[in-house]
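Sequential numbering from 1 along the given sequence is applied to the chain's residues. Heavy-atom basis, side chains included; hydrogens, waters and symmetry copies ignored.
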Amino acid sequence: MSHPRRFDPDDPYLERLRRLCLALPEAAEKVAHGRPTFHTVKVFAYYGGSVKGDHGSDRYGCSVLFVPDPDERPALLDDERVFEPAYLGPSGWLGLDFRPAGSVEAVDWAEVGELLDASYRLTAPKRLVAALDARGDRG
């Protein structure tokens, strides 16, 4: 079953996120379930999401879904920008809504980079994590 595209390919938030994701060793992008995903062997980030019971809305269409460091999860859930996404939330994933920032420039992209770094490290093969460490790109 083909899913309709649920994003604008020229979205400036997606463009910034794409640059961060694709800078990680052997990261690639593909569209799955109508949304951009970023992966190595496993997916480490999605652009856009929804929450349980609100699948048809675009409320969280401008967000990043990621796997948080387990030690950081409680603090992240206290942040009003963070939500538990439908389908992935029960597996530990969280989402960070970009819209409260008000503009692409106002998003804390260093923070997003740290969240992506943790998600990548938790999903990528050990050799790719070692390649990342060798580059000195931690956080």
Heavy-atom side-chain proximity of [X] to [Y] below 4.5 angstrom:
X: Glu15; Y: Val104; answer: no
X: Leu22; Y: Glu29; answer: yes
X: Glu26; Y: His39; answer: no
X: Arg135; Y: Leu132; answer: yes

Stepwise side-chain contact (heavy atoms from CB on, under 4.5 Å) test for Phe7 and Arg5: CA-CA 6 Å; Phe7 67 98; Arg5 186 172 70 191; 3.2 Å; yes
Verdict with reasoning, Asp79 to Arg81, per salt bridge (charged side-chain N to carboxylate O under 4.0 Å, His left out): CA-CA 5 Å; Asp79 187 321; Arg81 302 168 300 158; 2.5 Å; yes
[X] versus [Y], closest heavy-atom pair with distance:
X: Leu116; Y: Ala45; result: CD2-CB, 3.7 Å
X: Gly48; Y: Leu65; result: O-CD1, 3.5 Å
X: Gly92; Y: Pro68; result: O-CD, 3.1 Å
X: Cys62; Y: Arg99; result: CB-NE, 3.4 Å
X: Thr123; Y: Thr40; result: O-OG1, 4.4 Å
X: Val41; Y: Pro125; result: CG2-CG, 3.5 Å

Phe83 vs Leu96, side-chain contact (heavy atoms from CB on, under 4.5 Å): CA-CA, chis, key distance, verdict: CA-CA 7 Å; Phe83 63 98; Leu96 175 69; 6.0 Å; no
Stepwise side-chain contact (heavy atoms from CB on, under 4.5 Å) check, Phe44 with Leu24: CA-CA 11 Å; Phe44 65 90; Leu24 296 166; 3.7 Å; yes
Main-chain N/O of Leu115 paired with Ser119 side-chain donor or acceptor, under 3.5 Å: no
Backbone of Gly95 reached by a side-chain donor or acceptor of Tyr46 within 3.5 Å: no
Verdict with supporting geometry, Val112 and Phe66, side-chain contact (heavy atoms from CB on, under 4.5 Å): CA-CA 10 Å; Val112 174; Phe66 59 94; over 6 Å; no
Aromatic plane relationship, Trp109 with Phe98 - under 30° parallel, 30 to 60° tilted, over 60° perpendicular: tilted
Connected via hydrophobic side-chain network under 4.5 Å: Val82 and Tyr13: yes
Check: Trp93 ring centroid to Tyr87 ring centroid under 6.0 Å: no
Arg73/Asp69 salt bridge by N-O under 4.0 Å criterion: no
Test: Arg18 and Asp11 ion pair at under 4.0 Å: no
Between NE2 on residue His33 and OG on residue Ser50, distance to nearest 0.5 Å: 11.5 Å
Qualifying residue for side-chain contact (heavy atoms from CB on, under 4.5 Å) with Cys21, from Phe38, Tyr120, Tyr47: Phe38
